[in-house]
There are 2 protein chains.
Amino acid sequence: MTSNPSDHQSPTASLSDRIFEQLQTAIVKGEITAGSKISEPELAKSYGISRGTLREALSRLEERYLVVRSPNHGARVATLSYDELIDIYQVREALGGMACGLAAHNMTDEEIADLKRLLDTHEKSINEDQGLSYYQQEGEFDFHYRILQGSRNGKVLSILEGGLYQLMRMYRYQFSTASPRPYQALREHRRIVEAIEERDGELADLLMRRHIRAARTSIEERRQASLSQKG
Amino acid sequence: MTSNPSDHQSPTASLSDRIFEQLQTAIVKGEITAGSKISEPELAKSYGISRGTLREALSRLEERYLVVRSPNHGARVATLSYDELIDIYQVREALGGMACGLAAHNMTDEEIADLKRLLDTHEKSINEDQGLSYYQQEGEFDFHYRILQGSRNGKVLSILEGGLYQLMRMYRYQFSTASPRPYQALREHRRIVEAIEERDGELADLLMRRHIRAARTSIEERRQASLSQKG
DNA sequence: CAATATAAAAGTGTCGACACTTTTATTTTA
DNA sequence: TAAAATAAAAGTGTCGACACTTTTATATTG
């Protein structure tokens, strides 16, 4: 359905690889409560594996900011603060813009055509369920993921997809805040693809940055509103 | 001497943390040959630790692109290709520019004053040994590290310092290519600090991007020369 | 003698166990 | 009864061992 790489897993992957993936999605989806303490023996038993294997997965999760460890005190599931989310959006703005500019030069005509078809699918999906669905949210990631791939820059792909997107997913699950502005976002996506199609890297960069900045601003405004409501 | 964080290590760090650090610097400095196969029992014995502990360190190294693992075939020290280096410079350009723009808003006056003093030190160091020394190279990283800190964005700091700078260090050690343009680089550093001092984020961003792009171009040109020399 | 089959060696993936540290529960004492 | 001291429980850090896989070395065969 989606071309998101974090869904499936190579069949030759080792046990600790699979555990790593499973834990990652469990944390992202909130199935393991954010901020909760992790008991290694308990968790290992529940997954039916040894502690050593679990530990290997945990150190990789730590490297991805998904768990926090302190010596002799054990591991906790990370909690994502508002400030951190803003930090991530800033990084995304810079990196996503750059990747989009590169994609305008490096994507094949086929890839671009595929991307347009993807947006058609999104439009239908939005019309059907008012943009509230799970798939609409993942579709957003799918769109960005394809552009990262199109940039042909392996590093930016692994930084965003491997590290940062998971944290954003986690935040969205926690506050169940599906894209608040689906139609607007779709329009912006279309313009970005147009720029890529015209091989205008500079414009593609600029539009992508603006798109991500708008998403961030929308989050900031919503927070501002909910803060002034309370105090 | 330098404020680079990868030099020292918290005293309460676990054994696998320390091994992780040791291996990282050993790989970066080329003490463990790039591309060579890693025998877990052998390496564990040479460090006087168990394989489990070593394995934990290896999975973190893998997450940082410093070792590559394939199931049942073991781990190899990563080799950094020219193309990958260019990818990294692109990421650095986008991220370093952003961080510099933020630093212009967020650094304290003291931090800026410190930064200027650091550049004075660099100037002396360049005059003394024609910019060839080890310290001159690390000084460059030091400069960039401080600006990352000044950005007050924890994510960009950990992405660049934790992940990418190590790879660049590795490349420099491998090809023993200390900054090829020390005086020019110093001038650019000074201008960047000026922009920060004037709290001109937009200019600081632009100058930093240009600075990093110049470094990349210099690498590309050098490669072009050495290629046409052969063919 | 080259190519294939077979056996040994080395290596990775995974587990269970023990020492030492932190936390929780219990007992002692002011 | 509340606070401090002590004991028990739970948990983390680290290690050694075994099964199964890959690689290397040896033997077999056309």
Side-chain angles (χ1 to χ4, degrees), chain A residues 8-27 31-79 162, chain B residues 8-27 31-79 162:
Chain A
H8 49 67
Q9 173 77 23
S10 160
T12 59
S14 73
L15 179 54
S16 85
D17 281 345
R18 291 202 305 274
I19 296 294
F20 168 74
E21 293 282 342
Q22 282 181 245
L23 281 176
Q24 177 167 263
T25 62
I27 291 175
E31 292 163 12
I32 305 179
T33 314
S36 69
K37 194 170 176 318
I38 290 175
S39 161
E40 289 181 8
E42 189 181 323
L43 196 59
K45 208 173 70 181
S46 86
Y47 278 81
I49 56 169
S50 80
R51 266 186 60 225
T53 306
L54 175 66
R55 257 166 155 282
E56 212 172 307
L58 285 180
S59 20
R60 289 175 60 187
L61 256 3
E62 183 185 16
E63 202 72 13
R64 288 203 180 178
Y65 321 112
L66 252 28
V67 319
V68 182
R69 266 172 156 177
S70 54
N72 286 320
H73 285 242
R76 305 194 86 89
V77 179
T79 56
Chain B
H8 48 67
Q9 173 77 22
S10 158
T12 58
S14 74
L15 180 54
S16 84
D17 281 346
R18 289 202 307 274
I19 296 294
F20 168 74
E21 294 280 345
Q22 283 181 244
L23 281 177
Q24 176 166 263
T25 61
I27 290 175
E31 292 163 10
I32 304 179
T33 314
S36 68
K37 195 172 178 315
I38 290 176
S39 161
E40 289 181 8
E42 189 181 324
L43 197 59
K45 209 173 69 179
S46 85
Y47 278 81
I49 57 170
S50 81
R51 266 186 60 225
T53 306
L54 175 66
R55 257 166 155 282
E56 211 172 309
L58 285 180
S59 22
R60 290 175 60 187
L61 255 3
E62 183 185 17
E63 203 72 13
R64 289 202 180 181
Y65 320 111
L66 253 29
V67 317
V68 182
R69 265 171 156 178
S70 54
N72 286 320
H73 286 240
R76 306 191 86 89
V77 179
T79 55

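Numbers restart at 1 for each chain; the letters A, B, ... are given by sequence-line order, proteins then strands. Nothing here was measured: the structure is a model prediction, and the numbers come from that model.
- Contacts between residues 33-41 of chain B and DNA chain C, defined by a heavy-atom separation below 4.0 Å, involve B/Lys37, B/Ile38, B/Ser39, B/Glu40, B/Pro41, listed by number.
- Using a 4.5 Å heavy-atom cutoff, the side chains of A/Ser59 and B/Glu63 are not in contact.
- B/Leu15 has its side chain within reach of B/Arg18: a pair of non-hydrogen atoms, C-beta onward, lies under 4.5 Å apart.
- Not one N or O on the side chain of B/Arg69 forms a donor-acceptor pair closer than 3.5 Å with the backbone of B/Ala75.
- B/Gly74 comes within contact range of the sugar-phosphate backbone alone, with a heavy-atom separation under 4.0 Å but no base atom that close.
- Using a 4.0 Å cutoff to heavy atoms of chain A, the contacted part of DNA chain D runs 5' to 3' from D/dG11 to D/dT14.
- Residues that satisfy the side chain to side chain donor-acceptor pair (under 3.5 Å) test with B/Glu62, not counting sequence neighbours, are absent from this structure.
- Expressed to the nearest 0.5 Å, how far CZ of A/Arg55 lies from OG of A/Ser16 amounts to 13.5 Å.
- More than 12 heavy atoms of other residues, nucleotides or ligands shown are found within 6.0 angstrom of NZ on A/Lys37.
- Annotation: side chain of B/Glu31 is not in contact with side chain of B/Thr25 (no heavy-atom distance under 4.5 Å).
- Nearest-nucleotide assignment on DNA chain D puts the 5′-proximal partner with A/His73, out of A/His73 and B/Gly52.
- Between A/Ser16 and A/Arg51, the residue anchored closer to the 5' end of DNA chain C is A/Ser16, taking for each the nucleotide with the nearest heavy atom.
- Partner of B/Leu23 under the side-chain contact (heavy atoms from CB on, under 4.5 Å) criterion, out of B/Leu66, B/Leu54, B/Ile38: B/Leu54 alone.
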